[in-house]
Amino acid sequence: MGRKQEVENRGGDSSNPELFTWQYELNTLAWAILIVVTSMLLKKVGQLLRLWLMGSRLPGPPLQTLVARSVNCAKAAGPLKLLELFSTLHKEHGPVLKIWMGPSQLLVSIFDARIVNEVLEKAKDRVPTSQMALQLAFGKGSLFFAPFSKVERQCAMYDREINGNLLAEVHAISHKVIQKLDLWAKCGQDGNWETDSNSCSQNLAFAVLGISIFGESYVDWAVARKFEKLLVSIADEIPGWIHYTMPPVWRLSFIRFWRKCDKLRHSTESLVTEAQKVQSKLHETDNPNNTDSTTSKSKRSKGSLNGKYKSKEVCGITDAVSSNLVNKKILGEGQVGAMMYHGGFTTAGILSGVLTQLAHHPEIQAKVYAEVEEVCGSNMAPSQSDVKQMHYLMACVHESARLLPSAPFLQRCSLQSDLKLGPGLIVPAGAILAAPVHLLQLDPVYWGNDSTNFNPDRFLKPKSKCLLNAEESPCIQNECDQTQKDATMSERRIFQAPASDSGFLTFGAGARSCIGSNFALTEIASLIMALIQRYELKLVQESPKDLTPKLEHGVLQYSPSSRLILIPRIAHN
Ligand code: HEM
């Protein structure tokens, strides 16, 4: 039967053949759309049924709606309240626990270091929907939110760059940044400096990371101050929007937040442009006739800054690196913003935690100072290799990071396939996996009965153990020879990095673990070495005696922050 005949049979107007064709095509399109939408809906319903079915087999509270409600209350009260609730639920239901956050959102919390490591090893995707606010600020493609398959190559590239060029310079930059302390601390008439632990740490962390990424004059740029201010303001607002999966565009406060995110993106662009301008000016001053960028870059990397930017020189070697990161677009603008946000606030949080603990424990601070004197003397500038010998300081940094991890929870997701965990436990694809890091890092099962105390000794290994191991392995023998050399200086014990199943997860684990951990640890140790060598840290009398963790700028910090006095050491004058 012809198309025209078909229309006539249905009672249509056959006098206009163009109209038939048009109606016929519209019908076909409508059917096609209906079929596609229906099959998508059926697929979604199928996925949902599968999620419900598989979720129901996981251990967890039977009164799911009630739990979800209390979870939402706890969410509103903050992540530490949520941790309390998780702790209670884990006590009742064991180390793996399901919680329905809504009819289509299944959260599986894991409170067992071994299983958490297994999850972090196997689940490589970040939760795609739960980061709407962060995506607005830094873009959807950011490393911190995108599925692993999309960012695998980027991760490898950043890993090379951060743990290569950036790591090689971080000690020198940190040391020079401490010499600019007058920018962030107030000097009194008595010659003592006074500062606030959280904000001073934040300024130091942003200065070191900013110089590493954008180049030496970062600390002098007005646009950098504007960028940091915006970043702080956005970081403070993000927790309020973090639980929205769709932008609540009907709320005025959200529209304001959205505009701020736009401003942040513009501000990041300005930083990149500023860095590029400095690069091209340096290039001209290096050699006005030379158009070969590689030659002039290699000259700069040896510290030969010339012309008008010399006065702004911080350490004389970073521009070649920043040229790599920003000019060669290794870090795109979205990634630059996200990297400054993540690296800046996390490093600041841990740095502030260590400074606060050292001010609260003068006897521990005295041991750190003794170690600095022993390793590099009271007047010699510490070198990067000195940092590796600061075993006690490294133990203090790790102990502080244990008590106050930047992120109280780690979240992951397996988007493509189900996740088999040990015998009999299968977490369906798409479920959110959460590890309550703060709980694990305070758990007496892993850290003993003094798990809530600041005790750096738990990260130190006795020398005798080293000798014992050396007999078993020739590789350890070399390490021990060095250790013995160090040990002749004193009866020091050596720092032992936490084992993978110890429950220490401040930097995460597995394929998506922190790429910047070595950079951050070297930076923090270098900053503290330089500070402690020059100043004794004391608490201002009215500073809080109890240390209460609170989420500030997206990371855990002691709040209210301690006020510190920095008393210049006589030996250093
Ligand atoms: C003390 C400071 C820091 C802490 C506590 C910290 C912590 C973390 C954590 C918990 C993660 C997620 C790990 C996971 O899901 O398993 C992470 C990821 C990451 N961190 Fe850090 N971080 C710090 C500093 C830095 C710095 C300074 C940089 C860059 C210079 C950096 C770069 C990254 C990157 C790129 C990722 C994402 C890796 C991926 O998605 O594959 N971090 N960090």
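Just so you know, residue 1 is the first one in the sequence shown, and it goes up from there.
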- Item | Audit row: Glu536, Leu566, side chain to side chain contact (heavy atoms under 4.5 Å, CB included) steps and yes/no | CA-CA 6 Å; Glu536 185 187 348; Leu566 281 65; over 6 Å; no
- Task: May I have the step-by-step check of side chain to side chain contact (heavy atoms under 4.5 Å, CB included) for Lys176 and Glu216, ending in yes or no?
- Result: CA-CA 11 Å; Lys176 292 283 178 173; Glu216 297 162 5; over 6 Å; no
- Do you know the tightest heavy-atom contact between Gln533 and Pro382? OE1-CD, 3.6 Å
- Message: Nearest 0.5 Å, please: how far is OG in Ser199 from CZ in Arg563?
- Response: 7.0 Å
- Rounded to the nearest 0.5 Å, how far apart are CZ of Phe504 and CZ of Arg402? 9.0 Å
- Phe148 backbone acceptor or donor facing Asp125 side chain under 3.5 Å: yes
- Message: I'd like to know if the side chain of Asp159 reaches the main chain of Ala156, judged simply by a donor and an acceptor atom lying under 3.5 Å from each other, with no hydrogens or angles considered.
- Response: no
- Before accepting this row, confirm whether a basic side-chain N of the pair Arg259/Asp262 lies closer than 4.0 Å to the acidic partner's carboxylate O. no
- Message: How close do Met529 and Cys376 get, counting heavy atoms only, and between which atoms?
- Response: CE-SG, 4.1 Å
- Item | Shortest non-hydrogen contact from Leu136 toward Cys261 | O-CB, 3.7 Å
- Item | side chain to side chain contact (heavy atoms under 4.5 Å, CB included) between Ile213 and Leu209, intermediate numbers included | CA-CA 6 Å; Ile213 293 179; Leu209 196 55; 4.1 Å; yes
- Heavy-atom distance under 4.5 Å between the side chains of Leu403 and Tyr558, does that happen here? yes
- Do Gln384 side-chain atoms and Thr522 backbone N/O form a donor-acceptor pair below 3.5 Å? no
- Query: Below 4.5 Å, heavy atoms only, C-beta onward: do Val540 and Leu564 meet side chain to side chain?
  - Reply: no
- Task: Please report the closest heavy-atom contact between Leu404 and Pro549, naming both atoms and the distance.
- Result: CD1-CB, 3.6 Å
- pair Ile528-Leu351: side-chain heavy atoms closer than 4.5 Å: yes
- Under 6.0 Å from the CD atom of Gln416, do we count more than 12 heavy atoms belonging to anything else shown? no
- Query: Do Ser233 side-chain atoms and Lys229 backbone N/O form a donor-acceptor pair below 3.5 Å?
  - Reply: no
- Message: Could you measure the distance from the CH2 atom of Trp258 to the CZ atom of Arg256? Nearest 0.5 Å is fine.
- Response: 15.0 Å
- Query: Hey, is the main chain of Pro408 close enough, under 3.5 Å, to the side chain of Gln441 for a donor-acceptor pair?
  - Reply: no
- Message: Whether the side chain of Ser400 engages the backbone of Val397 through a donor-acceptor N/O pair (distance < 3.5 Å, no angle test) should be reported.
- Response: no
- Item | Min side-chain heavy-atom separation Tyr535-Asn192 under 4.5 Å | no
- Are Thr273 and Val223 close enough that some pair of their side-chain heavy atoms sits under 4.5 Å apart? no
Table please: side-chain donor-acceptor pairs of residues 338-347 below 3.5 Å, with sequence neighbours left out.
residue	atom	partner	partner atom	Å
Thr346	OG1	His342	O	2.5
Thr346	OG1	Gly343	O	3.3
Thr347	OG1	Gly343	O	2.6

- Item | Parallel, tilted or perpendicular, as decided by the 30° and 60° cut-offs, for the rings of His398 and Phe459 | tilted
- Note on the structure: In terms of heavy-atom contacts, Cys396 and Val368 come closest through SG-CG2, 3.9 Å
- Say whether, by atom type as modelled, one donor and one acceptor occur between the side chain of Ser526 and the main chain of His171 under 3.5 angstrom. no
- Lys263 atom NZ, neighbour heavy-atom count above 12 within 6.0 Å: no
- Answer yes or no for Arg534 and Tyr369: cation-pi contact, defined as NZ/CZ to six-membered ring centre under 6.0 Å and angle to ring axis within 45°. no
- Message: If we ignore hydrogens and angles and just use 3.5 Å, is the side chain of Glu371 paired with the main-chain N or O of His391 as donor and acceptor?
- Response: yes
- Query: Would you say Ile364 and Phe454 make side-chain contact, with heavy atoms under 4.5 Å?
  - Reply: yes
- About how many Å separate CD of Gln357 and CD of Gln365, when rounded to the nearest 0.5 Å? 12.0 Å
- Determine whether Leu531 and Leu355 make a side-chain contact, defined as any pair of heavy atoms from C-beta on separated by less than 4.5 Å. yes
- Message: Using modelled atom types and a 3.5 Å cut-off, is there a donor and acceptor pairing between side-chain atoms of Ser559 and backbone atoms of Lys550?
- Response: no
- Polar side-chain atom of Arg512 near backbone of Lys124 as donor-acceptor pair, under 3.5 Å: yes
- Item | side chain to side chain contact (heavy atoms under 4.5 Å, CB included) between Trp193 and Ile567, worked out | CA-CA 7 Å; Trp193 295 82; Ile567 305 166; over 6 Å; no
- Query: Do Ser561 and Ser197 get their side chains close enough for a donor-acceptor pair, meaning under 3.5 Å?
  - Reply: no
- What are the two closest heavy atoms between Arg265 and Ala137, and how far apart are they? CG-O, 3.9 Å
- Query: In Å, rounded to the nearest 0.5 Å, how long is the span from CD of Glu373 to CD1 of Ile532?
  - Reply: 11.5 Å
- Query: Do the side chains of Trp241 and Pro248 get nearer than 4.5 Å, heavy atoms only?
  - Reply: yes
- Item | Spatial distance of atom NZ (Lys367) from atom CG (Leu393) [nearest 0.5 Å] | 13.5 Å
- Message: Once ring pair (Phe, Tyr, Trp, His ring centres under 6.0 Å) is applied, do any residues pair with Phe519, and if so which ones, sequence neighbours excluded?
- Response: none
- Message: My understanding is that only residues two or more places apart in sequence, or in another chain, count here; which of them pass side-chain contact (heavy atoms from CB on, under 4.5 Å) with Ala509?
- Response: Asn117, Leu120, Leu505
